[in-house]
Undergrad: 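Shown below is the structure under consideration.
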Amino acid sequence: MRILRAAIVTATVTALAAVASGCGGGTSPGGAGDDSPTTLTYWASNQGPNVEADKKILGPELKKFERQTGIKVKLEVIPWPDLLNRILTATTSGQGPDVLNIGNTWSASLQATGALLPWDKENLDAIGGRDRFLAPALDATGVAGKDPAAIPLYSLAYALYYNKQMFKDAGISKPPATWDELVADGKRIAKNGKWGLGAEGGQLTNNIHQAFALGKQHGADFFDRSGNPTFTSDGAVAAVKQYIDFMAKDKIIAPGNAEYGQNQSLRDFATGRTAMVLWQAAATTFAADGMKPAEWGVAPVPVPSGTPGTGRQTNSMLAGINIAVFKNTRNLHGARKFVKFMTSDGEQRLLNKTYGSIPPVTAAQQDPAFNRQDTKVLRETLARSATPLPQIAEESQFETSVGTAIKDLFADAAAGHPVTTASVKARLGKAEQQMTK
């Protein structure tokens, strides 16, 4: 899912239970049909700088779809802080859109509600078949072994962005490839009001994304094969401690970053206060803050050793936005046509270029726009070294509980309190208890 403009609202245990008991949603209580063949309602996520920008971007494309099919699309762009709660309300009330965007990390949670149309072979064939899509992107569409609950629309991954001038001033000739190198570079830079690395310590989703990738490098999955939380495993504890230690021990993250949650770390980077930041598709934000493309570079997120890959060399969670259809849509035929349109090669090239994301449709990636210095790294990360967050119904609770634990640990570090293996394990133990109540 995208975190560019605001933190994502995550679901609670109570909300998910209520959704499951609601048994679906959509606009018609009788199940999918075609009794409203000339209209669709579409809830789009806020991908651009603001809601109005998204309306300007999507408006002409929806008109294009209307000219091609005769189907009018009523668009509502919903900010990220509101989107999941709106979806949950729709699934319980039965009053929802026909088509909607969801964060791909929500796929399994929303799949468990029974509210979304399963993309079985017939439905997938109606939009050109599953082979059109990047395999890792399809892995973030629901529980393994089940029909996808949604279709990949925009794909994202993390990269390491670095300030070229700050590196040059510190005598650093190339970006770090390992965490040891990153810490060493950060220490050379972190002086006289400058800092080595930025973080969003108050943003729960960013905390989870970083801890998950580090966890894979430490051999931790945060859940066992039965879906039970393993937050206090040695690997999970080591991963979270490594992330907090960038502030607590290594002193390369400014203490004030513990309170960041609205992308302040990107502004610090663009204004020369911070030399490095781990982020998804940051180019448009840097430009909005007055930074020129020649002033920054991009590299894969570091790994312990060697080059990024799978397993312990994973260096990013697989981020992105999926497009889904409510099972009770009154225009199933039109909804499938709309998903086919939005995932067509042409629309994928246009929309992903505009938003700075990567097309999950492989043919669309051939556009030169996805071979720039930043998009090339993102594209290669998605293909080689990104892993979806756990595709389990409780994933939203995971984001809340562990994300909050990391936020609290950053607060401890900023206040000068010791951050030890024991204190990290205690925080994660509390999060684990919240998951198992």
Side-chain angles (χ1 to χ4, degrees), residues 1-3 103-105 107 130-141 144 148 151-162 174-182 206 208-222 235 239 242-243 276-283 296-322 343 345 348-349 352-353 355-391:
M1 77 180 57
R2 191 175 182 88
I3 60 171
N104 67 355
T105 64
S107 295
R130 68 182 300 129
D131 291 343
R132 297 181 60 242
F133 298 91
L134 192 70
L138 284 172
D139 289 341
T141 57
I151 298 298
L153 185 63
Y154 312 125
S155 289
L156 292 158
Y158 279 86
L160 173 71
Y161 294 85
Y162 62 97
K174 61 180 181 179
T178 69
W179 291 114
D180 287 345
E181 291 173 356
L182 181 142
N206 196 306
I208 283 294
H209 296 171
Q210 308 304 337
F212 174 75
L214 287 169
K216 297 295 286 186
Q217 295 175 13
H218 285 275
D221 288 322
F222 289 94
Q242 179 182 352
Y243 188 46
M276 294 177 281
V277 67
L278 303 168
W279 209 258
Q280 310 169 18
W296 52 267
V298 64
V301 174
V303 291
S305 62
T307 57
T310 56
R312 291 195 179 219
Q313 298 297 85
T314 291
N315 66 345
S316 175
M317 56 81 68
L318 196 151
I321 290 81
N322 294 341
T343 59
D345 292 356
Q348 282 286 289
R349 286 193 296 268
N352 282 280
K353 279 195 291 186
Y355 288 130
S357 48
I358 305 298
V361 172
T362 53
Q365 292 186 8
Q366 305 308 310
D367 192 293
F370 306 111
N371 206 35
R372 301 190 319 251
Q373 62 158 342
D374 56 332
T375 53
K376 182 178 180 181
V377 170
L378 297 175
R379 178 168 52 81
E380 291 178 350
T381 297
L382 285 167
R384 301 175 186 174
S385 57
T387 302
L389 284 172
Q391 292 293 301

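All values reported here derive from a predicted model rather than from experimental measurement. Below, all heavy atoms of this structure are taken into account, side chains as well, without hydrogens, waters or symmetry copies.
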Undergrad: Heavy atoms only: give me the nearest Pro388-Pro136 pair and the separation to one decimal.
TA: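 Closest approach of Pro388 to Pro136: CG-O, 4.1 Å.
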Undergrad: For Thr314, is there any backbone N or O sitting under 3.5 Å from a side-chain donor or acceptor partner on Gln217?
TA: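 At least one qualifying donor-acceptor pair exists.
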Undergrad: Rounded to the nearest 0.5 Å, what's the gap from CD1 on Ile321 to CG on Leu156? Could you check?
TA: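 If we round to the nearest 0.5 Å, Ile321:CD1 and Leu156:CG are 5.5 Å apart.
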Undergrad: I'd like to check Phe212 versus Pro390 (side-chain heavy atoms, cut-off strictly below 4.5 Å). Are they in contact?
TA: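 They are in side-chain contact.
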Undergrad: So Tyr158 and Val277, do their side chains get closer than 4.5 Å, heavy atoms only?
TA: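 They are not in contact (no side-chain heavy atoms under 4.5 Å apart), so the answer is no.
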Undergrad: Between Thr343 and Phe133, is there a side-chain heavy-atom distance shorter than 4.5 Å?
TA: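 Phe133 vs Thr343: side chains touch.
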Undergrad: Closest heavy-atom contact between Gln348 and Ala364?
TA: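 Scanning both residues, the minimum pair turns out to be CB-CB, 3.7 Å.
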Undergrad: Could you tell me if the side chain of Trp279 sits less than 4.5 Å from the side chain of Asn206, heavy atoms only?
TA: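 Asn206 reaches Trp279 side chain to side chain.
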Undergrad: Are any non-hydrogen side-chain atoms of Asn104 and Leu153 less than 4.5 angstrom apart?
TA: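 Result no, sub-4.5 Å side-chain heavy-atom pair not found.
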Undergrad: Any side-chain heavy-atom pair from Pro304 and His218 closer than 4.5 angstrom?
TA: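 No; the side chains remain at least 4.5 Å from each other.
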Undergrad: Taking Ala140's backbone N and O only, do any of them form a donor-acceptor pair with Ser107's side chain (distance below 3.5 Å, no angle check)?
TA: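 Side chain of Ser107 to backbone of Ala140: a pair is present.
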Undergrad: Quick check: closest heavy atoms across Ala211 and Phe222, and the distance to 0.1 Å?
TA: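 Result for this residue pair: O-CE1, 3.7 Å.
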Undergrad: Does the side chain of Ser316 pick up a donor-acceptor pair with the side chain of Thr381 at under 3.5 Å?
TA: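 There is no such pair between these side chains.
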Undergrad: Between Leu389 and His209, is the side-chain contact (heavy atoms from CB on, under 4.5 Å) condition met? List the steps.
TA: CA-CA 8 Å; Leu389 284 172; His209 296 171; 4.0 Å; yes
Undergrad: Is it the case that the side chains of Asn315 and Ser385 hold a donor-acceptor pair, with the cut-off being a distance below 3.5 Å and no angle test?
TA: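 There is such a pair between these side chains.
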Undergrad: From Asp374 CG over to Trp296 CH2, what is the distance, rounded to the nearest 0.5 angstrom?
TA: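 One gets 4.0 Å once the value is rounded to the nearest 0.5 Å.
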Undergrad: Tell me whether Thr375 contacts the main-chain N or O of Ala369 through its side chain, where contact means a donor paired with an acceptor under 3.5 Å.
TA: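 At least one qualifying donor-acceptor pair exists.
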Undergrad: State which residue, out of Val298, Leu160, Leu382, fulfils the side chain to side chain contact (heavy atoms under 4.5 Å, CB included) condition with Val377.
TA: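 Between Val377 and the candidates, side chain to side chain contact (heavy atoms under 4.5 Å, CB included) is satisfied uniquely by Val298.
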Undergrad: Is the backbone N or O of Gly297 less than 3.5 Å from a side-chain atom of Gln373, with the two atoms forming a donor-acceptor pair by type?
TA: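 No, Gln373 side chain to Gly297 backbone: no donor-acceptor pair under 3.5 Å.
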Undergrad: Tell me the closest heavy-atom pair linking Asp367 and Arg349, and the distance in Å.
TA: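 Heavy-atom minimum between the residues: OD2-CD, 3.5 Å.
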Undergrad: So, applying side chain to side chain contact (heavy atoms under 4.5 Å, CB included) with Ile358, which one of Arg379, Glu380, Lys353 is it?
TA: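 Option passing the side chain to side chain contact (heavy atoms under 4.5 Å, CB included) with Ile358: Arg379.
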Undergrad: Shortest non-hydrogen contact from Asp139 to Gln391?
TA: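 Scanning both residues completely, I find the closest heavy atoms to be O-CG, 3.5 Å.
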Undergrad: Atom CG in Asp345, atom CZ in Arg132: separation rounded to 0.5 Å?
TA: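 The distance works out to 5.0 Å.
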Undergrad: Could you walk me through whether Arg384 and Thr310 pass the side-chain contact (heavy atoms from CB on, under 4.5 Å) test, one step at a time?
TA: CA-CA 7 Å; Arg384 301 175 186 174; Thr310 56; over 6 Å; no
Undergrad: With the side chain counted from C-beta on, respond yes when Arg312 and Val303 share a heavy-atom pair under 4.5 Å apart, and no when they do not.
TA: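 When only atoms from C-beta onward are counted, Val303 and Arg312 do not touch, as no gap falls below 4.5 Å.
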Undergrad: To the closest 0.5 Å, what do you measure between OG (Ser155) and CG (Asn352)?
TA: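 One finds 7.0 Å between OG of Ser155 and CG of Asn352.
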Undergrad: Is any side-chain heavy atom of Asp221 less than 4.5 Å from a side-chain heavy atom of Lys216?
TA: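 Touching, per the 4.5 Å side-chain cut-off.
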Undergrad: Do Tyr154 side-chain atoms and Tyr355 backbone N/O form a donor-acceptor pair below 3.5 Å?
TA: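 No; zero donor-acceptor contacts below 3.5 Å.
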